[in-house]
There are 2 protein chains.
Amino acid sequence: MSETVTRTRKSKTSTQKRILDAAETLFAREGFEQTSLRQITQEANVNLASVNYHFGSKKALIQAVVARYMNVFMPALEAELKQLDERPSIDSLAVFESFKAPLVSLTQVHKRGTEHFLRLLGFAYSETQGHLRRYTQSAFGDVLQHLLALLHRANPKLTEQDMFWRLHFVLGATVFAQVSGQALIEIAQAEFDEDADIQTVIDHLIVFIAGGLDSQLDG
Amino acid sequence: MSETVTRTRKSKTSTQKRILDAAETLFAREGFEQTSLRQITQEANVNLASVNYHFGSKKALIQAVVARYMNVFMPALEAELKQLDERPSIDSLAVFESFKAPLVSLTQVHKRGTEHFLRLLGFAYSETQGHLRRYTQSAFGDVLQHLLALLHRANPKLTEQDMFWRLHFVLGATVFAQVSGQALIEIAQAEFDEDADIQTVIDHLIVFIAGGLDSQLDG
DNA sequence: GCATATTTTAAACATGCGTTTAATTTAATT
DNA sequence: AATTAAATTAAACGCATGTTTAAAATATGC
């Protein structure tokens, strides 16, 4: 029973964690490609070279930042979906409600975890980060399949193909809302004096995507 | 006449136009920030320095590329909207129908003008191109206001703020469909043996966004 | 046809990037 | 305490970027 020794004497948090935290904040604010390692290491108060020492490359760091969230979010989502399996009938709104708790649970990763996660997701799609999509698909593809099946069950009039397309449009609208959320908030403020925040954007978004998903305007 | 002074012997099109065309194609494919001036000038077969000579800076070039489309699209859209003003009653679908002709008219700028324009729009939003947003807002804000008013008229139960948000989600879903359209087509083919093309994507998209816009699931 | 203005060109500049190196410091093991 | 392993550090590397310069080529106006 060898005891793993505490190394927490000098720096109260490990170098890895400080890098991850700083990287996450900056990635969520500016995007992956627009954030430099020098920004990250300065924000984290660590040496520039330590990123490559601990993570190997910037690409690997990006993956580590995203994985930290995926490993919390996806199992939480899967648990919620399992509960929906038990229910005799469901609708699209119920399916999307099941995102709520997993999203909130991300605050255990970071204080602003929910917001960060959604924005990271947005950049992962809008920037050319193919490796991220491949990783997510291979690591959590079964959860996404589960989600698709439930949405199909909620809307049996639509074919699975229909659901496939609409789910991706939902993703597109969501991603867009996150990435350009701040821009929209500023426009809304200038245009309507509306005192909006991220939560306002999400509230409007949910109504929109639920309506889009259930659209029965033939096809 | 010994030598006719046409400049179309060596370079059949002007340097400015060749830069604009090359920049547009590359911007639409990779995004603004991910495209370098060296890529552009190589593709255009012009000297590197000529971009800064003719346009002043990369930022100004981006603006020029986008402006070339906006100056065609926005007046065309405004003309369509004016026609809608005459009609006694309209619905959301009719408003979106009015986008069709202006979008098609963009082929006069470039063969693949419609696709390019939508993708440029997407990058303009998702990348941090605040100057582009400010330009569009100040140059064509009245047209967008007109559009918003018509959508409000088509859906009087919703506030103008509601319409503002939904309109932008529509934009997000549309842009996403453009950006990842080919990827989705391939996934659909592998997953459902669906023989989809761009038109299929658009057909699904229109149903989705119309449903989202008209969503009455309270708020 | 000559002088003038415009455009094109090759080269360099300054800056920032991700990554690597090699020496030093710190921690762990014996 | 001595030795070994792990982590940190400052510096440099190689490369790519947008921009500027100053000379050469071309077109324009009188």
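Everything numeric in this text was worked out from a predicted model, so none of it was measured. Just the heavy atoms: all of them, side chains too, but no hydrogens, waters or symmetry mates, feed the values below. In what follows, chains are A, B, ... by sequence order, proteins preceding strands, each numbered from 1.
Judged as a salt bridge (Lys or Arg N to Asp or Glu O under 4.0 Å), and not counting sequence neighbours, B:K100 has no contacts. Here B:E115 pairs with B:R112 under the salt bridge (Lys or Arg N to Asp or Glu O under 4.0 Å) rule; sequence neighbours left out. Taking B:E160 as the reference, nothing meets the salt bridge (Lys or Arg N to Asp or Glu O under 4.0 Å) condition, with sequence neighbours excluded. Residues satisfying the salt bridge (Lys or Arg N to Asp or Glu O under 4.0 Å) criterion with B:K17, sequence neighbours excluded, are B:D21.
At least one side-chain nitrogen or oxygen of A:T15 sits closer than 4.0 Å to the OP1 or OP2 atom of D:dT8. Contact check, B:H54 against C:dT8: a side-chain N or O comes under 4.0 Å of OP1 or OP2.
Rounded to a whole Å, the CD1 atom of A:I19 is 10 Å from the P atom of D:dT9. A straight line from CG of B:N47 to C1' of D:dA24 spans 12 Å, rounded to a whole angstrom. In this structure, B:Y53 atom OH and D:dA23 atom P are separated by 17 Å, rounded to whole Å.
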Reading nucleotides 14-19 of chain C from 5' to 3' and marking B where a protein heavy atom lies under 4.0 Å of the base, S where only the sugar-phosphate is that close, and - otherwise, the string is ---BBB
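Applying the side-chain hydrogen bond (donor to acceptor under 3.5 Å, both in side chains) test to residues at least two apart or on different chains, the pairs with a partner in residues 42-55 of chain B are B:Q16-B:H54.
Base-pair partner of D:dT8: C:dA23 (Watson-Crick or G-U wobble, both distances under 3.5 Å).
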